[in-house]
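See below for the structure under consideration.
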Amino acid sequence: RVMYQLSLDHALSRIGAQELTQEDIDSLNASVRRVYDLLSDGNWHDAESIRVAARGSEGLRRMRELREYCEIQKRRISGTRTWEYRLERG
């Protein structure tokens, strides 16, 4: 968990563009942290639960940003077009 926390802290410090305000960055960082916390519980989560955790429609984008710093596993639910995701545990 410590290694992932260091990776997350690094990710949060790099996410965001220059034109964003500090309030925008804080909100974005909080959203990324909520997605990280959800995925790090060891369970599989679908896109809807990730959007709910992020508290907005950008949940999957926040997850993709985390992929730059954390290993995220994905699997397809058999017979469907639904994917699930979780943070890979080291």
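A quick note: this is a predicted structure, and the numbers were derived from the prediction, not measured.
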**Q.** Test log, rule side chain to side chain contact (heavy atoms under 4.5 Å, CB included), inputs Gln73 and Tyr85
**A.** CA-CA 6 Å; Gln73 298 173 324; Tyr85 309 88; over 6 Å; no

Distance col, row Leu66:CG vs Glu71:CD, nearest 0.5 angstrom, shows 12.0 Å

To the nearest 0.5 Å, atom CD1 of Ile50 lies from atom CD of Glu84 at 9.5 Å

Does a side-chain heavy-atom distance below 4.5 Å link Arg75 with Trp44? yes

CD (Glu65) and SG (Cys70) are apart, to the nearest 0.5 Å, by 12.0 Å

Are Trp83 and His45 packed together at the side-chain level, in the sense that at least one heavy-atom pair is separated by less than 4.5 angstrom?
no

Taken to the nearest 0.5 Å, the spacing of Leu87 CG from Asn43 CG works out to 12.0 Å

In terms of heavy-atom contacts, Leu38 and Ala53 come closest through CD2-CB, 3.8 Å

Could you walk me through whether Ile72 and Met63 pass the side chain to side chain contact (heavy atoms under 4.5 Å, CB included) test, one step at a time? CA-CA 8 Å; Ile72 297 177; Met63 183 187 69; 3.6 Å; yes

In this structure, OG of Ser31 is separated from CG of Asn29 (nearest 0.5 Å) by 9.5 Å

Flag, side chain of Arg86 to backbone of Leu39, donor-acceptor distance under 3.5 Å
no

CZ (Arg51) and CG (Leu60) are apart, to the nearest 0.5 Å, by 5.5 Å

Is it true that, when you exclude Arg67 itself, more than 12 heavy atoms of the residues, nucleotides or ligands shown sit nearer than 6.0 Å to its CZ? yes

Between the side chain of Arg62 and the main-chain N/O of Val35, is any donor-acceptor distance below 3.5 Å?
no

Determine whether more than 12 heavy atoms belonging to other residues, nucleotides or ligands lie under 6.0 Å from atom CZ of Arg61.
no

